[in-house]
A.B. asks: 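Dropping the structure in here first, questions after.
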Amino acid sequence: MDARTLHALLPVAIIIGLGLSIFAGYETTHPAAEGACSFNGFVSCAKVDQSAHSSTFGVPDYWAGIAGFLVLLAVDVPLLRTYKPVWLYLVLGLSSLGLIAAVYFAYVELVVIGALCIICTGAYLSNVVVFAAALALYRVTRTESSGGARSPDAVP
């Protein structure tokens, strides 16, 4: 995949993750919405939301997604405008932290709670796409840096 495509993929994946995190917050605070993604005893947003394990240090877990994707978006905008490596390094670092958080939250859902929230899983997967795209972009730009190219237009 070329740098132009990877640059375009980043904000799309970030916005999808942000939207899913916002919806997770909405369904948590509006119990009638929980039924939209509760299909059985295992695939059940309601079971996850109503669990005592859906917050960390007293903060609902969906806020981690909302805040994380907002910060990623705030860092991705200057990356898209300038193509400076420092912004890419920040996206890569932040998405790495998000990946760690996603693994933890998925563990809590699947092992501790014994249920799967498909909205949350969608947000986790969005972060995986952000991480993978940022890592691929890092590799492309690292290869390019020896040739001096900085923008995605310069990638063959």
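Numbering of residues begins at 1 and proceeds along the displayed sequence.
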A.B. asks: Name the orientation class of the two ring planes belonging to Tyr124 and Phe105 (parallel below 30°, tilted from 30 to 60°, perpendicular beyond 60°).
C.D. replies: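 Correct class here is parallel.
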
A.B. asks: Determine whether Pro78 and Lys84 make a side-chain contact, defined as any pair of heavy atoms from C-beta on separated by less than 4.5 Å.
C.D. replies: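 Side chain of Pro78 against side chain of Lys84, heavy atoms only: no contact under 4.5 Å found.
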
A.B. asks: Give the minimum heavy-atom separation between Ser126 and Ala13, together with the two atoms involved.
C.D. replies: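 Looking at all heavy atoms of both residues, the shortest contact is CB-O, 3.6 Å.
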
A.B. asks: Check Ile14, Val86, Val91 against Val75 for a side-chain contact (heavy atoms from CB on, under 4.5 Å) and give me the one that passes.
C.D. replies: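 Checked Ile14, Val86, Val91 against Val75; only one passes side-chain contact (heavy atoms from CB on, under 4.5 Å): Val91.
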
A.B. asks: Quick check on the hydrophobic clustering: are Val140 and Met1 connected, directly or via other members, by side-chain heavy-atom contacts under 4.5 Å?
C.D. replies: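 Yes, one cluster joins them.
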
A.B. asks: Consider only side-chain heavy atoms of I, L, V, M, F, W and Y, link residues closer than 4.5 Å, and tell whether Tyr26 and Ile16 are in one cluster.
C.D. replies: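 Per the 4.5 Å side-chain linkage, Tyr26 and Ile16 are co-clustered.
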
A.B. asks: Identify which one of Thr56, Val48, Val108 satisfies the side-chain contact (heavy atoms from CB on, under 4.5 Å) criterion when paired with Asp61.
C.D. replies: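 The option that passes is Thr56.
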
A.B. asks: Give the minimum heavy-atom separation between Ala115 and Gly41, together with the two atoms involved.
C.D. replies: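 For Ala115 versus Gly41, the nearest heavy atoms are CB-O, 4.4 Å.
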
A.B. asks: Roughly how far apart are Phe39 CZ and Cys37 SG, rounded to 0.5 Å?
C.D. replies: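 So the CZ of Phe39 and the SG of Cys37 are separated by 6.5 Å.
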
A.B. asks: Measuring from atom CG of Leu88 to atom CG of Leu137, what distance do you get when rounded to the nearest 0.5 angstrom?
C.D. replies: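 One finds 5.0 Å between CG of Leu88 and CG of Leu137.
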
A.B. asks: Compare every heavy atom of His7 with every heavy atom of Leu80, then report the nearest pair and how far apart it is.
C.D. replies: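 That would be CD2-O, 3.3 Å.
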
A.B. asks: Taking C-beta and beyond as the side chain, do Leu72 and Asn127 meet within less than 4.5 Å on heavy atoms?
C.D. replies: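 They are in side-chain contact.
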
A.B. asks: Does the side chain of Thr28 pick up a donor-acceptor pair with the side chain of Asp49 at under 3.5 Å?
C.D. replies: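 Per modelled atom types, Thr28 and Asp49 side chains form a pair under 3.5 Å.
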
A.B. asks: Please find the pair of heavy atoms, one from Leu10 and one from Ala134, that lie closest to each other, and give the distance.
C.D. replies: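 It is CD2-N, 4.0 Å.
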
A.B. asks: So, Ser38 side chain and Ala46 main chain: donor-acceptor pair closer than 3.5 Å or not?
C.D. replies: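 Side chain of Ser38 to backbone of Ala46, a donor-acceptor pair under 3.5 Å: yes, one is there.
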
A.B. asks: If we only count heavy atoms from C-beta on, is the Leu110 to Phe42 side-chain gap below 4.5 Å?
C.D. replies: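 In contact.
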
A.B. asks: Ser51 side chain to Lys47 main-chain N or O, any donor-acceptor pair under 3.5 Å?
C.D. replies: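 No; judged by distance alone, with no hydrogens or angles, the pair does not exist.
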
A.B. asks: Once rounded to the nearest 0.5 Å, what's the spacing between atom CG of Leu94 and atom CG of Leu99?
C.D. replies: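 Going from CG on Leu94 over to CG on Leu99, the span is 12.5 Å.
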
A.B. asks: Within the 4.5 Å heavy-atom criterion, are Glu27 and Tyr62 side-chain neighbours or not?
C.D. replies: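 Counting from C-beta outward, Glu27 and Tyr62 never come under 4.5 Å.
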
A.B. asks: Kindly work out whether a path of hydrophobic side-chain contacts (I/L/V/M/F/W/Y, heavy atoms less than 4.5 Å apart) joins Trp87 to Leu92.
C.D. replies: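 As far as the 4.5 Å side-chain criterion goes, Leu92 and Trp87 are connected within one cluster.
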
A.B. asks: Side-chain contact test, heavy atoms from C-beta onward, threshold under 4.5 Å: evaluate it for Val112 versus Tyr107 and give yes or no.
C.D. replies: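 Yes, at least one pair of side-chain atoms sits under 4.5 Å.
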
A.B. asks: Is there a chain of hydrophobic side chains (I, L, V, M, F, W, Y, each step under 4.5 Å between heavy atoms) that links Leu125 to Val43?
C.D. replies: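 Result: no, two separate clusters.
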
A.B. asks: Please say yes or no: joined through hydrophobic side-chain contacts below 4.5 Å, possibly via intermediate residues, are Leu90 and Val128 part of one cluster?
C.D. replies: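 Yes; tracing contacts between hydrophobic side chains, which count when under 4.5 Å, links both residues.
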
A.B. asks: Show the numbers, then the answer: is there a disulfide (SG to SG under 2.5 Å) between Cys45 and Cys117?
C.D. replies: CA-CA 4 Å; Cys45 295; Cys117 171; 3.1 Å; no

A.B. asks: Do Leu70 and Ile66 have side chains that approach each other closer than 4.5 Å (heavy atoms only, starting at C-beta)?
C.D. replies: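 Yes, close enough: below the 4.5 Å cut-off.
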
A.B. asks: Could you tell me the separation between the OG atom of Ser95 and the CG atom of Leu135, rounded to the nearest 0.5 Å?
C.D. replies: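 Answer rounded to 0.5 Å: 8.5 Å.
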
A.B. asks: Between CZ of Phe69 and CG of Leu18, what distance do you get to the nearest 0.5 Å?
C.D. replies: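 Between Phe69 CZ and Leu18 CG, I get 8.0 Å after rounding to 0.5 Å.
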
